[in-house]
Amino acid sequence: MTRTGGRVTAASAATLLLLCVLVGLGGPAQAAAYRYWSFWDRGADGSGWVYATQGPSTARPSDGDVQGFRFAVSEDSDDAAEPRGAARFDAICSGTAARDGQKRIALVLDFGTAADAPAGETPPPARTACARVPSDATTADALAAVAKPLRYDTNALLCSIAGYPRKGCGEAIADDGPDATGTSDASGTSDASGTSDASGTSGTSGTSDDSAASDNARASDEKGPSVGLFVGVGAVAVLGAAAVWQARRRRRG
């Protein structure tokens, strides 16, 4: 091999390695989508929905607040579908009188579309409900007062509202079809036998973790180049420098 050939071979090898790294690591992996109940607050001015920043077990709405839940398949909070239908407190709670020591929370329950439903299940029609609960109650308490049975998984993730869906809980949806799942089903989950009744007394406080918050932890979509790309490019740079040094050494020899 000639000296020139050595330089060309070394440079070609470095270039080929760089291309392999860029092809293999050049972009973040496609984020998985999840089938779950998302939790929403109605904007202060009533103009639209805002993705909740805390779970229903810790959120403590005030009298007159409107909150919503939507069952759907989405990747994260940016991709989540909002609850549909009427969302006005005066319309939802018009027939529920105020009482001392209690508050009224308007809830919008959107069970989603057939496209997002688990295999073999049909989503119930969306509905609204007015929960009258003690003044210190959480959203989980209000939900349990009007939408039993509730179901939670072993990590206290909210899995179903009013019995829907019958099984599954925040499962990942494979790219090759909406019915492929990679997580738990109804086994290992628990029903809401300890949750509140219409009186507002509850056993769910601090246990019904928000599906939205858990989804954010599971599906923190990696926007921008992955760390692997930068590590790979760094490795190529080192190998490239070594190849150049080797070529120069051969030339001098």
Side-chain angles (χ1 to χ4, degrees), residues 32-42 49-61 65-77 79-84 105-113 116-118 121 123-124 126-129 131 133 137-173 181-198 200-220:
Y34 297 86
R35 182 185 284 121
Y36 69 101
W37 279 102
S38 59
F39 174 39
W40 301 78
D41 291 314
R42 195 67 176 173
W49 290 108
V50 178
Y51 201 81
T53 58
Q54 57 183 316
S57 65
T58 58
R60 296 185 185 275
D65 282 352
V66 179
Q67 297 183 309
F69 291 85
R70 170 72 187 267
F71 189 78
V73 173
S74 60
E75 293 180 5
D76 53 33
S77 59
D79 181 55
E82 299 179 357
R84 300 166 296 175
I105 311 302
L107 296 174
V108 178
L109 308 177
D110 187 344
F111 296 85
T113 66
D116 287 341
E121 298 201 47
R127 63 184 177 91
T128 61
V133 290
T138 65
T139 302
D141 298 333
L143 185 62
V146 298
K148 286 184 176 180
L150 306 179
R151 179 168 55 85
Y152 301 90
D153 73 356
T154 54
N155 296 314
L157 176 68
L158 178 62
C159 303
S160 71
I161 296 175
Y164 181 82
R166 294 190 303 272
K167 60 182 181 178
C169 193
E171 62 269 26
I173 307 303
T181 60
T183 59
S184 63
D185 58 14
S187 60
T189 63
S190 59
D191 63 22
S193 58
T195 59
S196 68
D197 57 20
T201 56
S202 171
T204 62
S205 241
T207 60
S208 58
D209 205 359
D210 183 22
S211 60
S214 296
D215 174 67
N216 287 340
R218 286 192 305 262
S220 54

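- Across every non-hydrogen atom of Y36 and G170, the tightest pair is CB-CA, 4.1 Å.
- Partners of E82 according to the salt bridge (charged side-chain N to carboxylate O under 4.0 Å, His left out) rule, which considers only residues two or more places apart in sequence or in another chain, do not exist here.
- Taking 4.5 Å as the limit, some side-chain heavy atom of P118 sits within range of a side-chain heavy atom of R35.
- Here the shortest heavy-atom pairing between F111 and P124 reads CB-O, 3.4 Å.
- Nearest heavy atom pair, residue A72 against residue A81, reads CB-CB, 4.1 Å.
- Closest non-hydrogen pair, K148 versus A144, comes out as CG-O, 3.3 Å.
- A search for side chain to side chain contact (heavy atoms under 4.5 Å, CB included) contacts involving R84 returns R70, D110, T113, not counting sequence neighbours.
- Listed for the D153 side chain is a donor-acceptor partner under 3.5 Å among the backbone atoms of N155.
- Looking at heavy atoms from C-beta onward, L150 lies in side-chain contact with I161 at the 4.5 angstrom threshold.
- Remark: D41 engages Q67 in a side-chain hydrogen bond (donor to acceptor under 3.5 Å, both in side chains) (not counting sequence neighbours).
- With sequence neighbours left out, A106 forms a side chain to side chain contact (heavy atoms under 4.5 Å, CB included) with V66, F89, I92, C93.
- Within the 3.5 Å criterion, the main-chain N or O of T138 finds a donor-acceptor partner in the side chain of D141.
- T139 has its side chain out of reach of I105: every pair of non-hydrogen atoms, C-beta onward, lies at least 4.5 Å apart.
- You'll find the side chain of W49 reaches within 4.5 Å of the side chain of R42, heavy atoms only.
- L158 CG to S38 OG: the interatomic distance, rounded to the nearest 0.5 Å, is 10.5 Å.
- F69 has its ring centre no less than 6.0 Å from the ring centre of W40.
- Contact check for F39 versus Q54: no side-chain heavy atoms found under the 4.5 Å cut-off.
- Partners of S160 by side chain to side chain contact (heavy atoms under 4.5 Å, CB included), not counting sequence neighbours, listed by chain and number: R151, P165.
- Of all heavy-atom pairs spanning D116 and F71, the tightest one is O-CE2, 3.8 Å.
- The minimum heavy-atom distance linking Y152 with C159 is given by the pair C-SG, 3.6 Å.
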